[in-house]
Amino acid sequence: MNTKNKKRILISGAGSGFAELAAIGLAKLGLDVIAGAQIWPQVTQLRLKAENLGLKNLRVEKLDILDSYDIENALNWDIDILVNNAAIGISGPMSEIPMDLLKQSFESNFFAPLALTQKIVRKLVDEKRPGKIVFTSSIGGLIAVPYGGVYATTKHAMEALAGSMKAELAPFSIRVQVINPGGYLTGFNETEAESSTHWMDDRKNYIKVDTVQTFFHQILGMEENRMDPQLMADAMVKIIPEYTGLFRNVVPKATEDLARNVQHDLWNEKIDLMH
């Protein structure tokens, strides 16, 4: 049964990228959407867009998931579906990544979304209401590439979180779902790649800046990593409102096939070094 027109949706990280496009798309369907943006300038810009598009059902609010006051304010909103989309991208070699940067990444990409989710779920359970939690993961939640391990480890953790939570919340009629985008040109991957130049130092690091940047330049220049983000947003608009469907949603199909093949090959991969 499709009752999506009755559902109210909160999306974090909606000041840019997929989430902004998806929030607009969901609102165009007539759904009640709250787009949470990290900073006030994003709030202002998205409110203007909503007004220009005539989307009175698209409400834009400041929601920095690391801000305890923003989180408490969000608990006043009446929602049925939470989409955890906010994240940061930090890159560099795992053997040299400063621990504070790794912790910062986990705080934004794992702990903060989990803390918000716990509060929203508690509200749904107390009110005996069905609902849905969506985690925007990544192809990086299923496979890892060199120098992208910082982001990938947070998304791998999110996959495990979602898997456990799915079973735990089923008795309360709360669904849990994961969306795994492939390589879309939102600018997120490009700034993630660039971030390593802000902490790496060739005088100190044995893996050099040029090695990392050359790798990212090669993979981010490939057409399959420069797809139109509107295509991903369109898929999210179809997936998010539904209370039926797949637990894991890798988009596009070519990215799903890639992830399946890489995971399959890992079972036979050897550690022998080529000299």
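All residue numbers in this chain count up from 1 along the given sequence. This structure is a prediction, so every number in the text was calculated from the model and none was measured. Hydrogens, waters and symmetry mates play no part in the numbers below; they use all other heavy atoms, side chains included.
- By the 6.0 Å contact criterion, NZ on K49 is open, its count of non-hydrogen atoms from other residues, nucleotides or ligands being 12 or less.
- Looking only at atom types and distance, the side chain of S91 has no donor-acceptor partner in the side chain of E192 under 3.5 Å away.
- Between the side chains of Q38 and S16, no donor-acceptor pair of N or O atoms lies under 3.5 Å.
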Check step by step if side chain to side chain donor-acceptor pair (under 3.5 Å) holds for T136 and N84.
CA-CA 6 Å; T136 302; N84 287 293; over 6 Å; no
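- For residues 200-236, the set of pairs meeting the ring-ring contact (aromatic ring centres under 6.0 Å, His included) definition, not counting sequence neighbours, comprises Y147-F215.
- Residues near I271 contribute nothing to a hydrophobic cluster around it, because no ILVMFWY side-chain heavy atom sits closer than 4.5 Å to its side chain.
- We find the CD-CD1 distance between Q104 and I97 to be 9.5 Å, quoted to the nearest 0.5 Å.
- Between the CG atom in N73 and the CG atom in L63 there is a gap of 8.5 Å [rounded to 0.5 Å].
- A salt bridge is defined here as a Lys NZ or Arg NE, NH1 or NH2 lying under 4.0 Å from an Asp or Glu carboxylate O, and E96 with K204 fails to meet this definition.
- Enclosure of atom CD in Q263 by more than 12 non-hydrogen atoms of other residues, nucleotides or ligands within 6.0 angstrom is indicated.
- Taking 4.0 Å as the cut-off between side-chain N and carboxylate O, K62 and D67 count as a salt-bridged pair.
- More than 12 heavy atoms of other shown residues, nucleotides or ligands fall within 6.0 angstrom of atom NZ in K208.
- At a cut-off of 3.5 Å, with distance as the only test, no side-chain donor of N249 or E256 sits close to an acceptor on the other residue.
- Between the CD1 atom of I39 and the CG atom of D64 there is a distance of 9.5 Å, given to the nearest 0.5 Å.
- The ring of F106 has its center no closer than 6.0 angstrom to the ring center of Y151.
- Hydrophobic clustering (ILVMFWY, side-chain heavy atoms < 4.5 Å, transitive): F188 and V212 are in distinct clusters.
- Between R122 and D126 there is a salt bridge, with a side-chain nitrogen of the basic residue lying less than 4.0 Å from a carboxylate oxygen of the acidic one.
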